[in-house]
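All heavy atoms count here, side chains included; hydrogens, waters and symmetry mates do not.
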Amino acid sequence: MLQGTPVVFVGGYGDNYPLRVYDLNKGTGAMTQRGGDFKAGTSPSYLALDPSRTHLYAANEAGGSEGGITALTINADGSLTTLNHQQGSDGGFTHLAVDPTGKFVIGAAYDGGSVSVFPIAAEGTLGAELDNADFGGNSKAHAVAYDATGKYVFVPTLGNNRVDQLLLGTDGMLSANNPASVASAGGAGPRHIAVHPNGKLAFVINESNSTVTPYQ
């Protein structure tokens, strides 16, 4: 577990874009880079912590073998150590989220229109893809969120103009919930989703019409 000064991890998009670690001064809000740039695979465009906050997962938004997810250990001094990298069925991921139990990470493939499930081992490494749910080639799956239990998974699919609803089994397999999706307003273009801490509400930002939609 990281000790001492809080740190902020920052990724980005681009073939040579690094992952950087910053010390955060909570009194002033100032950030100072800690150490040099860190290579966390190509285009580490989205980052997610596991529940224990000892491991970091980077979505590599790239094509071919460079796409996928990179797993890293957060050392006690805030430095990072690469554990491994896994590819999914549909190339790189734009977004990922670790489930509340810390057993799985799901990545959303924007270009492939799907989500992929990977198991997390005790030491934080990622196993091979367990399952893949495809929403259609032009669905533009853009984000992943869970309810508090990790049983229910929500995926905004911008191209389909809806939020797809899945069940995540204890074995890491995905299946459609009932109903399988909830439609967005015409032309809204749902992109990202956040579940309220009370577990009763979710909020979706819509790219195409620049709105936010609340859901119960």
Side-chain angles (χ1 to χ4, degrees), residues 10-14 17 43-51 57-63 67-69 88-101 104-118 129-169 172-216:
V10 180
Y13 181 79
Y17 206 99
S43 293
S45 60
Y46 193 85
L47 308 174
L49 290 163
D50 71 343
Y57 297 91
N60 298 124
E61 191 175 350
I69 300 175
S89 298
D90 278 330
F93 298 108
T94 58
H95 187 272
L96 55 79
V98 180
D99 87 293
T101 70
F104 304 104
V105 59
I106 299 180
Y110 180 84
D111 291 335
S114 70
V115 291
S116 296
V117 184
F118 300 86
E129 180 186 71
L130 285 174
D131 199 12
N132 174 270
D134 196 302
F135 308 110
N138 195 43
S139 63
K140 300 178 181 178
H142 223 302
V144 177
Y146 308 85
D147 77 314
T149 69
K151 179 179 179 180
Y152 303 108
V153 181
F154 311 105
V155 182
T157 48
L158 190 154
N160 290 341
N161 206 54
R162 69 192 190 203
V163 178
D164 285 272
Q165 305 187 119
L166 302 168
L167 298 172
L168 175 63
M173 303 303 287
L174 295 168
S175 58
N177 200 355
N178 184 22
S181 64
V182 57
S184 300
R191 176 166 178 150
H192 280 282
I193 181 170
V195 176
H196 192 283
N198 68 15
K200 298 179 180 180
L201 297 168
F203 299 89
V204 174
I205 59 170
N206 302 301
E207 178 178 328
S208 301
N209 68 0
S210 298
T211 61
V212 178
T213 303
Y215 293 86
Q216 187 173 31

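Put simply, the side chain of Tyr57 reaches to within 4.5 Å of the side chain of Asp50, judged on heavy atoms. By the 4.5 Å heavy-atom criterion applied to side chains, Val153 and Val144 are counted as neighbours. Phe154 places a side-chain heavy atom less than 4.5 Å from the side chain of Gln165. Using a 4.5 Å cut-off on side-chain heavy atoms (C-beta onward), Phe93 and Ser116 make contact. Using a 4.5 Å heavy-atom threshold, the side chains of Val212 and Asn206 count as separate.
Taking the side chain to side chain donor-acceptor pair (under 3.5 Å) definition, one finds that Asn177 meets it with nothing, sequence neighbours left out. Applying the side chain to side chain donor-acceptor pair (under 3.5 Å) test to Arg191 and every residue at least two apart in sequence or in another chain returns His142, Glu207. Partners of Asp164 according to the side chain to side chain donor-acceptor pair (under 3.5 Å) rule, which considers only residues two or more places apart in sequence or in another chain, are Thr157, Arg162. Considering only residues two or more places apart in sequence or on other chains, Asn198 meets the side chain to side chain donor-acceptor pair (under 3.5 Å) condition with His196.
Here the closest non-hydrogen pair linking Val155 and Ala141 is CG1-CB, 4.1 Å. Residue Pro51 comes nearest to Pro100 through the heavy atom pair CG-O, 3.5 Å, listed as atom of the first residue, atom of the second, then distance. When all heavy atoms of Glu61 and Ser45 are compared, the closest pair comes out as OE1-OG, 2.8 Å. The nearest pair of heavy atoms linking Pro44 to Ala58 is CB-CB, 4.0 Å.
Here the CG-CG distance, from Leu174 to Leu167, works out to 9.0 Å after rounding to the nearest 0.5 Å. Atom NZ of residue Lys151 and atom CG of residue Asp99 lie 14.0 Å apart, to the nearest 0.5 angstrom. Separating the CD atom in Glu129 from the CD1 atom in Ile69 is a distance of 9.5 Å, to the nearest 0.5 Å. Atom CG in Leu96 sits 7.5 Å away from atom OH in Tyr46 (nearest 0.5 Å). Remark: Thr94 OG1 to Tyr13 OH distance equals 10.5 Å, nearest 0.5 Å. Put simply, CG on Leu166 and OH on Tyr146 are 10.5 Å apart, with the number rounded to the nearest 0.5 Å.
Screening residues 197-216 for ring pair (Phe, Tyr, Trp, His ring centres under 6.0 Å), with sequence neighbours left out, gives no hits.
Without hydrogens or angle criteria, Asn209 side chain to Gly189 main chain gives no donor-acceptor distance under 3.5 Å.
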Pair up each side-chain donor or acceptor in residues 107-115 with any protein partner under 3.5 Å, not counting sequence neighbours, and list the distances.
from, atom 1, to, atom 2, distance (Å)
Ser114, OG, Asp90, OD2, 2.5
Ser114, OG, Asn132, ND2, 3.0

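With no hydrogens or angles considered, no side-chain donor-acceptor pair links Ser184 and Asn161 at under 3.5 Å.
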